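Here's the structure, in structure tokens; my notes come after.
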Amino acid sequence: MNSSCISRASLLHGFPPCLRVSVVQPSVLRSYPMSDIRLRFAPSPTGYLHVGGARTALFNWLLARKLGGTFILRIEDTDVARSTEESVNAILEGMEWLGLDWDEGPFFQSDLFPVYREYVRTLLEQGKAYRCYCSAEELEAKREAALAEGRKPKYDGSCRGLSGEPAGKPFVVRFRAPQEGVTAFDDLVKGPISFNNEELDDLIIQRSDGTPIYNFTVVIDDATMRISTVIRGDDHISNTPRQILLYEALGFPVPRFAHVPMILGSDKSRLSKRHGATSVMAYRDMGYLPEAMINYLVRLGWSHGDDEIFSREELIEKFTVEGIGKSAGVFNPDKLLWLNAHYIKSGDPARLAQLLLPFLLERGVNPADGGPELPPVITTLQERARTMLELADGALFYYRSEVLYDDAAAAKQLTPLQFPLLRAFGEQLATWEEMTPGGIETLFKAFCAAQGIKMGGIGPSVRVALCGVTTSPAIYDVIAVLGRDETLRRLECAVTFIKGKTE
RNA sequence: GGUCCCAUCGUCUAGCGGUUAGGACACUGGCCUUUCACGUCGGUAACAGGGGUUCAAAUCCCCUUGGGAUCACCA
């Protein structure tokens, strides 16, 4: 291995003592010697955490956890104009919601500008970079002309050989890229990829305002943070040869690359808002569980035989880069919904109760104000809710003091014909001992036998009396959760309602 | 347009020379059932096209076609 190169690089180019986040530095020092496996997620804070970014983060996190490596979060905010603090917070919030914890960082590239400038100076001194005085307008004009004539819109190198330095004139710094030869790498997911160097031009590494540019900072950071494998979106493939050239010019070892395919919308174009929500947090607000999102995301582009359901532990155990597919995949909300339903169905009611609370409060219901305990309520609803929204809506009737009768349901089930039945059933229930679902079922059976009716003769009207609607959890469960007193109260209300109707 | 990447049911995918091409979502038929669901049993549905290599190709190679990415003083 090239570990000697790595340690040399880190010794020579370690972090300056000026990192903004104070908790960061001790962990840097502590973790560096601990592991050679170092992965990172490096989003740019120009928006929320979208599902594509989240999946990239997940793959990095999974590999780090599987191999006992280190997972680093780095915020790529070198574009001061487009980066915002809200975006940083949104990304952090998304990562936390998904449970993707990081071992080092978050680092901010904007804190490292002096470091980058130092490397630029070195490259300049070594003649591996040069000042370019062409204006942005000039360049744009040349590019358009080239495109119009069908030539490559590539920098013409006019400042390559400049020696005089017009003082005071603004300049950018360009990397002097080799114009011949081939740059190749063996991508961990795509296989061997190579580019002719003549396709590459002298990329700008520092703007005229002195700030560095992504393709440069990403190399410096991945090298100094000793990232062993770079897992990122395959929209970065075409950047990779330029970056490799930079690694070499800087004398850094080149990391391994794994370019994961994009996520597409239903029309197979790049996933965007017009396909629906793309923000991870939007899914939380729509009532999705983080484990469903994780499970969905990991299966979009990664597989382990025919397995579909993975716990976090299983993922850490089974994840491999080899399992990542090469082709882009369509984001399928239906499957996400199915996974969400699965996790709601099999989730721990007490935990779901915690997660459900905000949705309930949003609907003006606070279980703390009275009514049945939330976990048993959830148990009756789990297999009929696909999202937390549906779970919340389904739980409302338990907590409303007034049952809201659906017109059609009341018209059909709360009739004078049912009046004596409901009243008689209430009388039976008032003295019934066993208030468990099974016990209540026994009561219903006995009641039906005594009245000479079938379940269909009493069940539906009791349901409407208690829930107000014709669709609800199993009626035995509802009664058990509501309790005798509340059930009797609602039965009485229904009886009164019928009486009111006939008068 | 140049360069690069990709190609199995509608969608996510298994397959890594020999399979009746499997699973999942969705759709759909039956069963279960006091409602709605859940569950369960079954069904429809794919190797983009053309050349090779091979006894044998969804699997390997080439071409075509189709999709995507990228060509910024964005990341």
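Keep in mind that the numbers below use all heavy atoms, side chains included, and drop hydrogens, waters and symmetry copies. The model shown is predicted, which means the values in this text are computed figures rather than measured ones. Convention: sequence-line order gives letters A, B, ...; per-chain numbering from 1.
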Pick base, sugar-phosphate or nothing for [X], based on heavy-atom distances below 4.0 Å to the nucleic acid.
X        : value
A:Ser303 : sugar-phosphate
A:Glu308 : base
A:Asn239 : base
A:Thr471 : base
A:Gly457 : nothing
A:His236 : base
A:Lys454 : nothing
A:Pro473 : base

On the 0 to 90° scale, with breaks at 30° and 60°, tag the A:Phe331-A:Tyr283 ring pair as parallel, tilted or perpendicular.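 Rings of A:Phe331 and A:Tyr283: tilted, 30 to 60°.
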Looking only at side-chain atoms of [X], point me to the closest of [options].
X        : options             : answer
A:Ile204 : B:A72, B:U35, B:G68 : B:A72
A:Arg270 : B:U70, B:U11, B:C73 : B:U70
A:Arg207 : B:C73, B:G23, B:C4  : B:C73

(request) Could you measure between the two P atoms, the one in B:G22 and the one in B:C31, and give it in whole Å? (result) 27 Å
Length of the [atom1]-[atom2] vector between [X] and [N], whole Å:
X        : N     : atom1 : atom2 : result
A:Leu264 : B:G10 : CG    : P     : 16 Å
A:Asp234 : B:C4  : CG    : C1'   : 10 Å
A:Arg143 : B:C74 : CZ    : P     : 11 Å
A:Leu443 : B:U34 : CG    : C1'   : 14 Å

(Q) Tell me whether A:Arg174 forms a cation-pi arrangement with A:Tyr155, defined as NZ or CZ under 6.0 Å from the six-membered ring centre and within 45 degrees of its axis. (A)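 Yes; both conditions hold, so A:Arg174 lies above the ring face of A:Tyr155.
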